[in-house]
Amino acid sequence: MDKISFEDVYAVVRLIPKGRVTNYGAIAKYLSLKGGARLVGWAMGALPAGSDVPAHRVVNSTGVLTAKNQFGGTRMQNLLEAEGIEVKNDKIVGFRKVFWNPEEELM
DNA sequence: CAGATGACTTATG
DNA sequence: ACATAAGCCATCT
């Protein structure tokens, strides 16, 4: 595939270990989409409900739960806390520590 | 085909 | 530190 598609993004998101999070830019970069962070977000937005894709583990570069609004309330934060991720003020505590870099972990 | 849109990122004032 | 602007790519209208 020359261009990325939903499944490419989903595949990476599915690989995110429990208790870890990543950002759109990292996924985009892993897919060779240097500045295509928006595409990742767009793919997430197209993510059908009931999918086995942990979209709640994907946040923006600052560790803020930008997608919590789309999850519909506190559902996203609840899921993250259930995995051991601390969330304060819609922002992930120690984001740099729980950050999961696909380029480093998957190589 | 051209313009608009988006769960983003980085740089600049 | 907050606000604004520009850059990025796939899809939609």
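In the text below, chain A, chain B and the rest are named by the order of the sequence lines, each starting its count at 1.
- At a threshold of 4.0 angstrom between heavy atoms, the contacts of A/A43 with the nucleic acid are absent.
- The side chain of A/R38 lies closest to B/dG6, out of B/dT9, B/dA7, B/dG6.
- Annotation: A/E81, atom CD; neighbour count of heavy atoms from other residues, nucleotides and ligands within 6.0 Å is above 12.
- Look at CD on A/E7: it is 12 Å from P on C/dT11, rounded to the nearest Å.
- The CG atom of A/L47 sits 16 Å away from the C1' atom of C/dT11 (whole-angstrom rounding).
- With DNA chain C read from its 5' end, the first of the two nearest nucleotides for A/G35 and A/F6 is the one closest to A/G35.
- Set against C/dC9, C/dT11, B/dC8, the side chain of A/L33 has C/dC9 as its closest nucleotide.
- For residues 92-107 of chain A, the salt bridge (Lys or Arg N to Asp or Glu O under 4.0 Å) pairs, not counting sequence neighbours, are A/K29-A/E103.
- Both A/V58 and A/V53 belong to a common hydrophobic cluster when Ile, Leu, Val, Met, Phe, Trp and Tyr are linked at side-chain heavy-atom distances under 4.5 angstrom.
- Closest approach to the A/N23 side chain among C/dC9, B/dG6, B/dT9 is made by B/dT9 (side chain taken as heavy atoms from C-beta onward).
- Taking atom CZ of A/F99 as the reference point, atom P of B/dC8 lies 16 Å away to the nearest angstrom.
- Remark: C1' of B/dT9 and CD1 of A/I27 are 14 Å apart, rounded to the nearest angstrom.
- In this structure, A/Y10 places its OH atom 12 Å from C1' of B/dA7, rounding to the nearest Å.
- When the side-chain nitrogen and oxygen atoms of A/S61 are compared with OP1 and OP2 of B/dC8, none of them lie within a distance under 4.0 Å.
- Atoms CD1 and CG, from A/I27 and A/L39 in turn, are 12.0 Å apart once rounded to the nearest 0.5 Å.
- Rounded to whole angstrom, the span from the CG atom of A/L65 across to the P atom of B/dC8 amounts to 12 Å.
- Contacts classified as salt bridge (Lys or Arg N to Asp or Glu O under 4.0 Å) and involving residues 46-71 of chain A (residues at least two apart or in different chains) are given here: A/R14-A/D52, A/R57-A/E83, A/K68-A/D90.
- Going from atom NZ of A/K34 over to atom C1' of C/dC8 covers 11 Å, rounded to whole Å.
- Out of B/dA7, C/dA10, B/dT9, the shortest distance to the side chain of A/Q70 is found at B/dA7.
- Using a 4.0 Å heavy-atom distance criterion, A/G45 is classed as a base contact.
- Nucleotide B/dA7 holds its P atom 9 Å from the CG atom of A/N69, rounded to whole Å.
- Candidate nucleotides B/dA7, C/dT11, B/dG6 were compared by shortest atom distance to the side chain of A/L39, and B/dG6 ranks first.
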